[in-house]
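The structure under discussion appears below in the form of structure tokens.
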Amino acid sequence: MPETGLTFAQKVLARASGVTRPDPGRIVEAIPDFSYSHDFAVYAIDAFERMGATRVVRPDRVAVCLDHIVPADNRRDANNHARIRAFASTQGLRDFFEGGTGIAHQVMFERGLVTPGSLVIASDSHTPSGGALGALALGVGETELGFAWATGHLWIKVPDTVRILLEGAFAPGVHAKDMMLHLVARLGVLGAVYEVLEYAGPAAGSLSPSERFTLCNMSAELGAKTGVFPFDPTTAGFLRGRALFDYEPVHSDPDARYSRELTVDLSALQPMVALPGREDRGVPVGEAAGRTVHQVFIGSCTNARADDLAIAARILRGRRVHDGVRLIVVPASRAVMTEAARAGDLETLLEAGATFMPSGCAVCAGVHQGVLGDGELCLSTSNRNAPGRMGNKRAEIALCSPATAAASAIAGVITDARELAVA
Amino acid sequence: MKFRGTAAVFGDYVSGDTILPARYAFLDPEAMAGHVLEELDGTANERVRRSEILVAGTAFGYGTGRESSARALRAAGVKVVIGGPFARMFYRNAINNGLLVLDCPALVGDGVEDGREIEIDTVSGEVRCAGRAYKVPPVPDAIGRIVAAGDLVEYGRRWLRDRSRENADA
Ligand code: SF4
């Protein structure tokens, strides 16, 4: 067989492992360029210490950001946080972000810690978010993060890559989240298992870093190893004055071999709602319309950036949240909240009746705060809706964009935002 | 490696959050074992604790990357998870906790019943259950080494020890 070019993922892994031509399926030992964790770092620390390790390899390339259980919910969690703080300081980790700074994925993104062409690992399944900036960002377990801190390397299976060609432009009222709910429904929760989703095509360049983040983030919901947006002028612009490490963008060769190619016509999409139970149960909002909602959550790493809050604010301006609905808004980071405050969106949301919680995973993680009652439905801008995800398996979760969430919060039932006249 | 025992059988799309909800993620192993899979139905927890071999349907452990689901299964005494196809992070986390994960979707497709006797030989790649034979792909070296060591912590401990010895010799 003639040698073809290499994909982005192969190239990053080739550099990080020293294997010149890592073929898909092969397992390589790679050296990550940057790693991070959150509250679950305690398990990485545990593993690190049980291995008998004393010094973190390249502590200047490690960060921790508390986000899952902030502020601490009980003595155990508070002690876990204290242990992480102590570890970060003794080991001289590059950064420790206190609870309230934001969701780790968002914080690494906005602070310039995730850079193009780098191999990033973090102990969380939504690490693929970093693909928005052209990194190969892989979720790993806590024990293996501890292993990487102790030894400097990690085993990684070289993935196949699926090319997703984006065409056309979103119709008004249709957003990046709708595109992902469509794609997950089309391919299923294991639709791209072990594969990398490379977003390309004529429309890719028109998406903002925040929209790219949503797409890469929810690549995890297809079982993908990660998602990536090739580096382009948008990436460069976003990182100017922000990137904290020197970087070298990496692109797939023109003759790289992809396992598949899929096309998504953005202009043909409608607002989507993933019905309760599984992320691939997405239907056009019309098919879910009219269902009573008890809680609306605008938050999580998927959709709680400044543009998301602005969309929600535009719909909620001058309106009131329905009496039967609790609207909980959790900006993805303090920086996002500050930006939304400057833009006046915070005020709009508060006036409409939103309740704010500190920046973090909040309701999404299902550990504390915002837990649902039996038989309730939460309409959420997050990425997961398996039974029990928000802390009560007798409650249900449906997923949607911030626009659908805001419109439904006003109506008290699942509603197509395009039906509300927005000035 | 060889395994023999009765199978605890679970269906498709059991998410990692269902295996062990996040609110139990910081319990000690014994307490975790008491909660593993209890969200699923009334007998699931008891069944999984009775068997070393768990037969899992499509996407078992999908969703969350929290390692607690694998940790909880280990605490419950599970040694092998067979079936699939599996979600990537569940696969990694299980291996790193010393649980062998074997791809054998045909086993699930044939509708193996709970409590059936099952035999697995990872060297020959043969699996026997209910009078039928199945094949599982060979375990890659990098993964076999971790499981053989016990888990990734033990593997890491040896790796560090060997490395410091090499350095001392050099
Ligand atoms: S917001 Fe939700 S999906 Fe994102 S990192 Fe936190 S718990 Fe995970």
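Note on naming: letters A, B, ... go to the chains in the order of the sequence lines (proteins, then strands), and numbering restarts at 1 for each one.
When each of B/Ala142, B/Gly63, B/Ser68 is scored by its heavy-atom pairs under 4.5 Å with chain A, the top score falls to B/Gly63.
B/Tyr24 does not touch chain A: none of its heavy atoms, backbone or side chain, sits under 4.5 Å away. Looking at B/Ala87, the atoms closer than 4.5 Å to chain A (heavy atoms on both sides) sit in the backbone and in the side chain alike. Contacts of A/His38 with chain B are absent, with no heavy-atom separation under 4.5 Å from either backbone or side chain. Within the 4.5 angstrom heavy-atom criterion, no atom of A/Val371 approaches chain B. Of the two parts of B/Ser15, only the side chain, counted from C-beta on, holds a non-hydrogen atom closer than 4.5 Å to a non-hydrogen atom of chain A. At a 4.5 Å heavy-atom cutoff, the contact between A/Ala150 and chain B is made by backbone and side-chain atoms alike. Proximity to chain A involves both the backbone and the side chain of B/Ala25, based on heavy atoms less than 4.5 angstrom apart. Residue B/Pro140 touches chain A through its side chain alone, counting heavy-atom pairs closer than 4.5 Å.
Looking at A/Glu221 and B/Tyr62, their side chains never bring a donor and an acceptor atom within 3.5 Å of each other.
Interatomic distance, B/Leu152 CG to A/Leu154 CG, rounded to the nearest 0.5 Å: 8.0 Å. For the atom pair CH2 of A/Trp155 and CD1 of B/Ile143, the computed distance is 4.0 Å after rounding to the nearest 0.5 Å. The distance from atom CD of A/Glu144 to atom CG of B/Asn97, rounded to the nearest 0.5 Å, is 9.5 Å.
Checked for salt-bridge contact, B/Glu154 and A/Arg50 miss the test: no charged N lies under 4.0 Å from a carboxylate O.
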